[in-house]
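Along the sequence shown, the residues carry numbers beginning at 1.
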Amino acid sequence: MVSEVLKANELYKVDPVFGQHSFNNHEQIVFCNDKDTGLKAIIGIHNTVLGPALGGTRMWNYNNEWEALNDVLRLSRGMTYKAAVTGLNLGGGKAVIIGDAKTQKTPELMKRFGEFVHSLSGKYITAEDVGMETSDMDLVREVTPYVTGISESKGGAGNPSPITAYGVYMGMKAAAKFKFGSDQLEGKSILVQGIGHVGETLVDYLTKEGAQVIISDISESRLEAVSKTYGATIYRGSNLYSEAVDIYAPCALGATINDDTIHQIQAKVIAGAANNQLANELVHGPILQDRGIVYAPDFLINAGGIINVYAEIAGYGKDEIMSKTQNIYNTTLEILNNADIHHITPNQAALEVAKSRIETRKKEGNK
Ligand code: NAD
């Protein structure tokens with residue numbers, strides 16, 4: 001064990017990029033730097049076997065550049081499998097801009113970022129993620145066509161977050177059906193962590209169905225606004241993971257299911273929008289399963305957004321967006337049942353479906 005740790009540390013020193021665990025066979029990583037606008041961004045292109053790498057841009061005040069690199073690599077890998085499991089002809093990519101979206105995001109910075117995206121000639125197509133608005137994508141659109149999630153008035157499919165929330169709601173209902181025998185959420189206690197673009201719409205669906213919704217966020221003003229609009233209860237405790245709720249919906253940032261939290265979690269189902277909820281899928285997936293907690297794979301149930309932005313490329317309309325997103329219910333139930341039958345985690349079961357689609361396409365391409 002000690003020698004394995006030493007080996008890993010050595011690898012870290014010798015191969016700081018290709019040797020990183022999160023590198024995970026990425027095709028290309030692009031570091032974008034512009035002194036004039038203060039832009040520091042990283043674009044990760046994980047896999048383009050099924051199509052161009054599509055994934056949103058996140059702007060976040062990372063503690064250091066390693067954290068940003070690790071985040072973009074984990075996110076772009078997730079996009080590969082999200083598109084594949086959803087049946088879309090897209091590869092996986094993602095971008096991060098290092099900085100505070102509230103104070104450092106300027107139109108010049110966004111356009112400069114767009115120029116870097118353009119330099120990849122369509123191999124990477126961007127969209128919104130945390131810290132981004134539809135108006136930011138409109139700015140990017142001024143310098144490149146390789147952007148989705150632009151305003152409906154400019155011919156785009158608009159903000160993908162409400163569709164993401166609908167897909168998460170569908171996935172959550174399927175997970176409830178699997179765990180509780182019914183997909184009715186009326187009366188279920190559901191803790192939504194992060195009530196931003198996706199979380200708020202999810203709260204809307206859940207309260208309309210009569211669930212007892214508890215909300216948590218680092219923004220007090222959001223908590224008050226969402227609580228007032230939907231009648232949700234604000235969480236005021238000190239450790240939300242140990243809260244005895246039926247369902248925990250992580251809708252803030254990733255890796256909230258980690259070594260510190262996993263044994264505290266009292267929820268019976270986990271279903272939320274955040275990407276990469278499991279800090280280490282190989283470790284934390286099996287622990288959840290052993291504890292009888294049903295985990296709806298994040299990259300499966302949060303695919304509504306990508307279904308929405310892909311409509312701009314594939315040319316389908318609102319009805320197809322909604323029916324494809326609604327189908328997340330059937331796919332989730334199928335994956336949970338398969339995982340149960342084959343004694344693997346839901347995450348593994350979803351990954352297998354995604355990987356097999358990519359392998360099949362690769363073989364077809366090589367013929
Ligand atoms: P957002 O930035 O609009 O909302 C995130 C919210 O989480 C904010 O209100 C923020 O204050 C809150 N937050 C941040 N840290 C927190 C913490 N430690 N505890 C509680 N709250 C915290 O982002 P969003 O677009 O709603 O996306 C939410 C998550 O869903 C992200 O992980 C994103 O990658 C993922 N996701 C979003 C989409 C989409 O269509 N927007 C699609 C797929 C996945």
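Taking the side chain as every heavy atom from C-beta outward, I215 and S227 approach each other to under 4.5 Å. Using a 4.5 Å cut-off on side-chain heavy atoms (C-beta onward), I257 and L288 make contact. Inter-residue side-chain proximity for K324 and Y316 is flagged as met; some heavy-atom pair is nearer than 4.5 Å.
Side chains of S121 and Y146: no donor on one and acceptor on the other come within 3.5 Å. Neither side chain, T233 nor Q212, offers a donor N or O lying under 3.5 Å from an acceptor on the other. Checking T164 against N302 by side-chain atom types alone, no donor-acceptor pair falls below 3.5 Å. Between the side chains of T134 and E128, a donor-acceptor pair is found at a separation under 3.5 Å. Residues N327 and N330 bring a donor and an acceptor atom of their side chains to less than 3.5 Å of each other. D34 and T37 share a side-chain donor-acceptor pair at under 3.5 Å. For the 3.5 Å distance criterion, the side chains of S161 and N159 qualify, holding a donor opposite an acceptor.
I247 contributes atom CD1, which lies 8.0 Å from atom CG of L206 (distance to the nearest 0.5 angstrom). The distance from the CD1 atom of I98 to the CD1 atom of I42 is 4.5 Å, given to the nearest 0.5 Å. The structure places CG of N308 at 4.5 Å from CD1 of I321, a figure rounded to the nearest 0.5 Å. Atoms CZ and CZ, on R74 and R77 in that order, are 8.5 Å from each other to the nearest 0.5 Å. The line from OG1 of T80 to CG of L50 is 8.5 Å long, rounded to the nearest 0.5 Å. Rounding to the nearest 0.5 angstrom, the gap separating the CG atom in D129 from the CG atom in D136 is 12.0 Å.
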**Request:** Test K177 against Q184 for side chain to side chain donor-acceptor pair (under 3.5 Å), laying out the working first.
**Result:** CA-CA 8 Å; K177 170 94 180 151; Q184 297 303 306; over 6 Å; no
**Request:** Please report the C-alpha distance between K111 and E108 in whole Å, then the side-chain angles of each, then the deciding distance to 0.1 Å, and finally whether the salt bridge (Lys or Arg N to Asp or Glu O under 4.0 Å) criterion is met.
**Result:** CA-CA 5 Å; K111 283 197 223 169; E108 294 72 31; over 6 Å; no
**Request:** Apply side chain to side chain donor-acceptor pair (under 3.5 Å) to the pair T201 and D204, showing each step before the final yes or no.
**Result:** CA-CA 5 Å; T201 311; D204 188 16; over 6 Å; no
**Request:** Start with the C-alpha gap between K228 and E224, add the side-chain angles, then the distance that decides, and say whether side-chain contact (heavy atoms from CB on, under 4.5 Å) holds.
**Result:** CA-CA 6 Å; K228 199 165 158 211; E224 272 158 29; over 6 Å; no
**Prompt:** So E209 and T207, side-chain contact (heavy atoms from CB on, under 4.5 Å) or not? Walk me through it.
**Reply:** CA-CA 5 Å; E209 202 183 318; T207 48; over 6 Å; no
**Message:** Run Y241 and Q193 through side chain to side chain donor-acceptor pair (under 3.5 Å) and show every step you take.
**Reply:** CA-CA 10 Å; Y241 301 100; Q193 179 187 35; 3.1 Å; yes
**Asked** For R112 and E142, what are the C-alpha separation, side-chain angles and deciding distance, and is it a salt bridge (Lys or Arg N to Asp or Glu O under 4.0 Å)?
**Response** CA-CA 10 Å; R112 190 70 188 97; E142 288 181 22; over 6 Å; no
**Item:** side-chain contact (heavy atoms from CB on, under 4.5 Å) assessment of V147 paired with I125
**Value:** CA-CA 5 Å; V147 52; I125 302 171; 5.6 Å; no
**Request:** Quick one: do D71 and Y62 satisfy side chain to side chain donor-acceptor pair (under 3.5 Å)? Show the steps, please.
**Result:** CA-CA 9 Å; D71 202 31; Y62 293 99; 2.5 Å; yes
**Item:** Check against side-chain contact (heavy atoms from CB on, under 4.5 Å), L253 and V130
**Value:** CA-CA 9 Å; L253 294 183; V130 175; 4.2 Å; yes
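Taking a 6.0 Å sphere around CD of E186, one finds it holds 12 or fewer heavy atoms contributed by other residues, nucleotides or ligands. With a 6.0 Å radius and a threshold of 12 heavy atoms from other residues, nucleotides or ligands, D319 has its CG atom at or below the threshold. Within 6.0 Å of the NZ atom in K40, the count of heavy atoms belonging to other residues, nucleotides or ligands does not exceed 12. The 12-atom threshold is not exceeded at CD of E65, counting heavy atoms of other residues, nucleotides or ligands nearer than 6.0 Å. Sparse packing is recorded around NZ of K154, with 12 or fewer heavy atoms of other residues, nucleotides or ligands lying under 6.0 Å away.
Although no hydrogens or angles enter the test, the distance criterion places no donor-acceptor pair under 3.5 Å between the side chain of T144 and the main chain of R141. No donor-acceptor pair closer than 3.5 Å links the side chain of T57 to the backbone N or O of I97. R357 contributes a side-chain N or O that, together with a main-chain N or O of L88, makes up a donor-acceptor pair within less than 3.5 Å. Between the side chain of D298 and the main chain of N276, a donor-acceptor pair closer than 3.5 Å is present. Under the 3.5 Å distance criterion, the side-chain polar atoms of H118 are left unmatched by any main-chain donor or acceptor of G114. Judged by distance alone, with hydrogens and angles left aside, the side-chain atoms of N70 form no donor-acceptor pair with the main-chain N or O of E67 at under 3.5 Å. Between the K179 side chain and the G292 main chain, a donor and an acceptor come within less than 3.5 Å of each other. Judged by distance alone, the side chain of R222 and the main-chain N or O of I195 form a donor-acceptor pair under 3.5 Å. No side-chain donor-acceptor contact under 3.5 Å links T48 to the backbone of G51. At distances below 3.5 Å, at least one donor-acceptor pair connects side-chain atoms of K173 with backbone N or O atoms of D183.
Note that K208 lies outside the cation-pi zone of Y230, set by a 6.0 Å cut-off to the ring centre and a 45° limit from the axis. Relative to the six-membered ring of F180, K188 meets both conditions, a distance below 6.0 Å and an angle of at most 45° to the axis.
Ring to ring, Y205 and Y166 are close: their centroids are under 6.0 angstrom apart.
Between F23 and F18, the angle of the ring planes goes over 60°, which puts this pair in the perpendicular group of the 30/60° scheme. Between Y81 and H46, the angle of the ring planes goes over 60°, which puts this pair in the perpendicular group of the 30/60° scheme.
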